[in-house]
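Below is one structure; the comments refer to it alone.
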Amino acid sequence: MIDLKNIALLWSVFKGRAIFYLFTLAALLTFLVALLVNLYVS
Amino acid sequence: MNQLNNVLTLFFSLLVEAMPFLLLGVLFSSALLLFIDERKLIAAVPRNPLFAAFVGSLIGFIFPVCECGNVPVARRLMVQGAPVSMSIGFLLAAPTVNPIVFWATWTAFRDQPEIVFMRVGFSLLIATIVGWVFSTQKDFRPLLQPAIARSMPVPRHRSRRRKKHEESVSDLLQSGTFILGQSGQVQLDGDPLQAAALVANPVLSKPIPVRLQMMVDNVVLELRELGGILVIGSAIAAIVQVSVPRDVILSLGQDNVTSILAMLLLACVISICSTVDAFFCIIFCFCIYQRLFTSIPNFWSND
Amino acid sequence: MAPTPPRSSLFPTLMTLFDIAALLAWSLLLLKFCWTKEINLLLHPDYVWLAYAAGLFLLGLGLFKSVQLLGRSFNRSSRRVARSQAQAAEALPHFSLFPFGSALLLGVALFGLSFTPQPFSSQTALDRGVTDTLTLTRSQPQSFRSQSRPEERTLTEWVRTLNVYPEPDAYKDQKAKIEGFVIHVKDQPDDVLTLSRFVITCCAADAYPIGIPVKLKGSRSAYAPDEWLRVEGKMATQTLSGKRQLVVMATSLTKIPKPDAPYEY
């Protein structure tokens, strides 16, 4: 959902700061969820 | 020379793949502008930001767009006055939480149906949380591009009214109608014409043929702008992909934690549409989100 | 009946011309890729119809806009229509963050029309890390495991089979006949080359190389990288770069022309 191509498109809506927040938050949460699943599910 | 050729091939590959999806997104966005009464839309949106983010995340089921197409639709939602939490929820969830992706993931992981539910479920969760976090920013306009911010209704006066009169929920529910119905009372800075267009939505009073014509115009307008940006984005993605060899990224992932990071990075660099990336993920399962989970054991067994 | 000032009518007309040109050029580009089969180098066959549909849609959109423009400039009686169109266009909220998008799109499309995509080379395969491990792919492993006799397996099928049951000794002495292009992997000895193919699942951006090492009788320098070969021989187990793996002991090597669809799916 968030990738290099997408960042350019997002830039048409948000300013850099917001994209940075969005990106970091999403990546962080994904990382956490992945870690949890990795530890407890598989 | 060879490298240049690779960059160009990748560039066109990304563009050719993304263009149909962008087109779809722009079509949805235009349809939203011209055939949906935003007053009804706003009235239907829950006031609670957490719930609004959740609802926004589910809109993907109605507008199946991938990440190239979600930007025009999310932008349209925002400009038409949907709460930020909802728009962000939609922006993040729509590429994964939609029927096409559901089907594609199902086909790709036929023997592991739990992946499908994990993918959709966790995407919903993450999108809702991010949308909720963003809703804590009361006035979102400083974070937006000026052109978009100008066409957004100002949220401040609503909260001021709320404090002053300590109005009940029912009155707040009406406030959406109030904003859109009486343009005189809404603070909108910027182009008055644009503002009027947004507030009263004169479009809906026009006959269908005129609206169709406007829809075509709007499609061209958004295609021009987002298409141009897509070209730049694809160019960057293609250059990064060629200049950073994939095995460099893969070699970053050595253990439990770093392999997840490597996957995230790779997903970001590869930049393929979510509608089709499930198939890709089975090879390595590079993609952001749940697909990671199956990928990681596979990935380990590689070395 | 206020006439529109010339300043404001020239620029939009120019923009519209650019829009039309960009739309038509893009539809031509997409349709050209489809017709010349070059799309096979860019996309998985399952998604070609998407590009085709987008091309046709853009063509329609471009033609519609041109008819509109022509009607506006030649047919004086349709002024009323034109004015309502102009009003309609003004009522739409614009975001002109990127007003020159059309010019950029047009430029890219024109460039694309003259550009022939090239399949990836052995260098790209090395950059992306050739392995003989391909985890489950779209085809269900069961479907080909029973069907194919060893000598009928393609390179991809061999790799998939290996993934299902990775013990190399299980395939010892089975016949092999595979096609692919040559890669010289640095840390392999001089009489071993890797026969490789790219697998794509969506578009060229995710093309992923797979390969099987081939043991030759002589030096690999007789076969240049990127050359396409058909290799026949028997499977054996060897230790290469510290890893015990399946190797084709080549009995015959034939040079073949590069296939039209060089990727596997």
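The shown structure was predicted, so the numbers you read here are calculated from the model rather than taken from an experiment. The chains referred to below are lettered A, B, ... by the order of the sequence lines, with proteins before strands, and numbering in each begins at 1.
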*Closest approach of V13(A) and M78(B), non-hydrogen atoms and distance?*
CG1-SD, 4.3 Å
*About how many Å separate CG of L32(A) and CZ of F122(B), when rounded to the nearest 0.5 Å?*
11.5 Å
*asked:* With rounding to the nearest 0.5 angstrom, report the CZ to OG distance, R75(B) to S12(A).
replied: 4.5 Å
*Rounded to the nearest 0.5 Å, what's the gap from CZ on F14(A) to CG on L144(B)? Could you check?*
6.0 Å
Solution key, residues 81-90 of chain B side-chain donor-acceptor pairs under 3.5 Å, sequence neighbours excluded:
unit_1, atom_1, unit_2, atom_2, d
S85(B), OG, P49(B), O, 3.3
S87(B), OG, P83(B), O, 3.2

*Using the side-chain contact (heavy atoms from CB on, under 4.5 Å) rule, pick out the option among L92(B), L125(B), V130(B) that qualifies with L29(A).*
V130(B)
_Contacts of L23(B) that satisfy side-chain contact (heavy atoms from CB on, under 4.5 Å) - sequence neighbours left out_ = L223(B), A54(C), F57(C), L58(C)
*With rounding to the nearest 0.5 Å, note down the distance linking CD1 in I129(B) to CG in L25(A).*
8.5 Å
